[in-house]
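I have placed the structure first, in the form of structure tokens, so that the comments after it can refer back to it.
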Protein chains: 2
Amino acid sequence: MQDQRDSILACACDLYLSDGFAGLSMRKLAKEVGVTAPALYRYYDGREAVLADLVRQAHRVFLDYLRRGLEAPTPVDRFLSAGEGYIDFALEHPRWYAIMFSGSERLGMDAIPDDIQSMGLAIHQFWNDRVNECMRTGVLKEGDPEGVGLTLWAHSHGMVQLYQQGRLNTDEAGFRRLMKASGARLFGGLMNDDYAARLAELAAEESAVLSGVGAASETDGVKG
Amino acid sequence: MQDQRDSILACACDLYLSDGFAGLSMRKLAKEVGVTAPALYRYYDGREAVLADLVRQAHRVFLDYLRRGLEAPTPVDRFLSAGEGYIDFALEHPRWYAIMFSGSERLGMDAIPDDIQSMGLAIHQFWNDRVNECMRTGVLKEGDPEGVGLTLWAHSHGMVQLYQQGRLNTDEAGFRRLMKASGARLFGGLMNDDYAARLAELAAEESAVLSGVGAASETDGVKG
DNA sequence: GTCTATAATCCGATAGAC
DNA sequence: GTCTATCGGATTATAGAC
């Protein structure tokens, strides 16, 4: 039954999330589910298949996080929300993030199944869409959207990895600050100058007055 | 004897580099060295200790790569050479790169030994030094040098990781192109505008004439 | 210092009874 | 569909003879 597969997968998530990668064995998994090991093979071909489903699950949740801010009013808001979703996911589910970005070798598979690769592409595409929007409305400088998306993605991914490996000597709050500063630095260099100037103006206004002017200032695009 | 430790480490490198992470067992290692497994425990406390030495070795080689271009004439040349060294190392020794940036959990250790953390800090410092130089001579915009160093590092690290996990769907040559383009995009946004303009001029001159003017144009800093 | 032998675990996967 | 029992293999690490 599909019910059993679901509960096996749920237990596999728990096990992986608590004991990590090597901690996920068919025996332990069976004990967690409440059956014996051989029973698992009725639902999954083997450990590989369980792992693959875990990776699928991670991709699904990740995409949910990314899409969380999709109803934001402007392209740049949607972009920033997606970025926040990215970081939230990475920080709230470090092990899922880790398993998503584990190569096939580390997963003990010959190759990543096609459907998982597709999910990866969907994420890539989502990211590029956010960039495209920002470029069309003149927030970002004109240029190769895929390239810009890659630059931004690599930066986020690298930041997360360095933090998760303990190379940044800071806690989560500190990392969020670092991430925000670094992201602003990067994004600032990719923005159109006139938009950057307008942004600076707005920031100055906001710090002087205390009002909510910022929200509607973008749909009347600067360039597009 | 130290000789034996050295030859064990050398064999451990071979084994790890050919068979990967899980392929490095004390038994296989012993067979490779030409002794039996228990003999290894005279020189290493266990598998952990061998791995730690591997990580040390990787750090040493990595620093060599970074320092390769240290005799370049100008700060920005030294920066670019270090960046090339970074990419060369990652591409020529992917497994060493991988083991360097493996968290303690994946290495099966409770914590990264202090001396290894120090080596990591040295690399971080080297990177920041390159940034500092470029900032002092006015190539890079004024700002937090550590922050800028982190932004650049995260970007490089992220690019390498995405490539090595097969997310970029390209070969090594293609990756080098992507990396160069993305690096230029990032670096361009962090440069001083007047320097960027001067760089554009130089590029124009260079494409028109065929001469070697570029080298001496930097020590007379634009700003510093 | 190195060996043989072995302890003590763990693993994935399967055969066959029920 | 689930069980018991088991195969066949791996691993780290240690005890004790030489």
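In what follows, every chain begins at residue 1, and chains take the letters A, B, ... in the order their sequences are listed. Quick caveat, the model's predicted, so the values are computed rather than measured.
Across D/dG1, C/dG1, C/dC3, the shortest atom-to-atom separation from the side chain of B/Ala39 is found for C/dC3. Of all nucleotides listed (D/dG1, C/dC3, D/dT11), D/dT11 comes nearest to the side chain of B/Lys28.
Within the cation-pi definition used here (under 6.0 Å to the ring centroid, within 45° of the axis), B/Arg130 qualifies as a partner of B/Phe126.
In this structure, OH of A/Tyr43 is placed 19 Å from P of C/dG12, rounded to the nearest angstrom. Atom C1' of nucleotide D/dT2 and atom CG of A/Asp3 are separated by 17 Å, given to the nearest angstrom. Taking atom NZ of A/Lys31 as the reference point, atom C1' of C/dC11 lies 14 Å away to the nearest angstrom. The CZ-C1' distance, from B/Arg5 to C/dG1, rounds to 16 Å in whole Å. With rounding to whole Å, B/Tyr44 atom OH is found 15 Å from C/dG1 atom P. One atom, CZ of B/Phe21, and another, C1' of D/dT11, lie 14 Å apart when rounded to the nearest Å.
The aromatic ring centroids of B/Tyr65 and B/His93 lie less than 6.0 Å from each other.
Looking at every heavy atom in both residues, A/Val33 comes nearest to A/Ser7 through CG1-OG, 4.3 Å.
For the OP1/OP2 pair of D/dC3 and a distance below 4.0 Å, the side-chain nitrogens and oxygens of A/Thr36 include at least one atom meeting the criterion.
Taking the side chain to side chain donor-acceptor pair (under 3.5 Å) definition, one finds that A/Gln57 meets it with A/Arg60, sequence neighbours left out.
Within a 6.0 Å sphere centred on CG of A/Asp171, heavy atoms belonging to other residues, nucleotides or ligands number more than 12.
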How does protein contact run along nucleotides 13-18 of chain D, one letter per nucleotide 5' to 3', with B for base contact, S for sugar-phosphate only, - for none, heavy atoms under 4.0 Å? BB----
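By the 30° and 60° cut-offs, the orientation of the rings of B/Tyr97 relative to B/Phe89 is tilted.
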